[in-house]
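Comments concern the structure below.
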Amino acid sequence: QVQLVESGGGLVQAGGSLRLSCASSGLTFSTYSMGWFRQAPGKEREFVAAISWSGSTYYADSVKGRFTISRDNAKNTVYLQMNSLKAEDTAVYYCAAAYYGSSGLQTRTKYDFWGQGTQVTVSS
């Protein structure tokens, strides 16, 4: 059974940093592109960042320069380093896996599996 488990969320002041982790199991991690999405109350789930199975990275304009996505294939884990956090970053953050995904990683329909999410709250 495939499982994606996010961790690292919490409450942080504006300007602070958090690192989210997404640990995967039940899949061949190196064959999946990985993405981070977020959803604020009353809003649609939106793309944040993605890293392809080959290591290419992609970012939403709203987080570019502040967030960094990375992966550790040996640990079957993808990370999202979030710096210079803003109140607008407050959301539930979800990780997702797309089998051999290359194009269209900003689109939620590209992904095969999703985690349950972790809450990030940025106070101002």
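The structure displayed is predicted, hence computed values, not measured ones.
If you chain together hydrophobic residues whose side chains sit under 4.5 Å apart, Y99 and L4 fall into the same group. The cluster map of Ile, Leu, Val, Met, Phe, Trp and Tyr, joined by side-chain heavy atoms under 4.5 Å apart, puts V92 and L85 in different clusters. L80 and Y58 fall into different hydrophobic clusters, where Ile, Leu, Val, Met, Phe, Trp and Tyr are joined by side-chain heavy atoms under 4.5 Å apart, directly or via other members. Linking ILVMFWY side-chain heavy atoms closer than 4.5 Å, directly or via other members, places Y32 and V2 in a single hydrophobic cluster.
Between T90 and V120, the closest side-chain pair of non-hydrogen atoms is not below 4.5 Å. Two residues are said to be in side-chain contact when any heavy atoms from C-beta on lie closer than 4.5 Å; T68 and M82 fail this criterion. Side-chain contact between R38 and V63 is present, with at least one heavy-atom pair separated by less than 4.5 Å. No side-chain heavy atom of S52 sits under 4.5 Å from any side-chain heavy atom of S102.
Enclosure of atom CD in Q116 is not indicated, since only 12 or fewer non-hydrogen atoms of other residues, nucleotides or ligands lie within 6.0 angstrom. Annotation for R45: atom CZ counts as buried by contact number, over 12 foreign heavy atoms lying within 6.0 Å.
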Criterion side chain to side chain contact (heavy atoms under 4.5 Å, CB included) on F29 and L27, from CA distance to verdict: CA-CA 6 Å; F29 184 74; L27 52 73; 3.9 Å; yes

Pair Y111-F37, ring-ring contact (aromatic ring centres under 6.0 Å, His included): steps then yes or no: CA-CA 11 Å; Y111 294 84; F37 289 74; 5.2 Å; yes

I69/W36 under side chain to side chain contact (heavy atoms under 4.5 Å, CB included): CA gap, chis, key distance, verdict: CA-CA 8 Å; I69 189 170; W36 287 96; 3.5 Å; yes

Side chain to side chain contact (heavy atoms under 4.5 Å, CB included) evaluation trace for Y94 with T118: CA-CA 7 Å; Y94 299 89; T118 186; over 6 Å; no

Intermediate values then yes/no, side chain to side chain contact (heavy atoms under 4.5 Å, CB included), K110 and S103: CA-CA 9 Å; K110 198 75 173 182; S103 63; 3.8 Å; yes

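Taken from CD1 in I51 to OG in S33, the straight-line distance is 8.5 Å, to the nearest 0.5 Å. For the atom pair CD of E88 and NZ of K43, the computed distance is 9.5 Å after rounding to the nearest 0.5 Å. Here the straight-line distance linking atom CE of M34 with atom OG1 of T57 works out to 15.0 Å at 0.5 Å rounding. D89 contributes atom CG, which lies 7.5 Å from atom OG of S62 (distance to the nearest 0.5 angstrom). Here S30 contributes atom OG and N73 contributes atom CG; the two are 5.5 Å apart, rounded to the nearest 0.5 Å. For the atom pair Q119 CD and Q39 CD, the distance stands at 11.0 Å (nearest 0.5 Å).
The shortest heavy-atom contact between N83 and S17 is OD1-OG, 2.9 Å.
Scanning for side-chain contact (heavy atoms from CB on, under 4.5 Å) contacts around A87 gives S124, with sequence neighbours left out.
Y79 pairs in a side-chain contact (heavy atoms from CB on, under 4.5 Å) with only one of the listed residues (C22, C95, S70), which is S70.
Listed for the T77 side chain is a donor-acceptor partner under 3.5 Å among the backbone atoms of K75.
Between W53 and Y100, the angle of the ring planes goes over 60°, which puts this pair in the perpendicular group of the 30/60° scheme.
With F47 as the aromatic partner, R108 does not meet the cation-pi criteria of under 6.0 angstrom to the ring centre and within 45 degrees of the ring axis.
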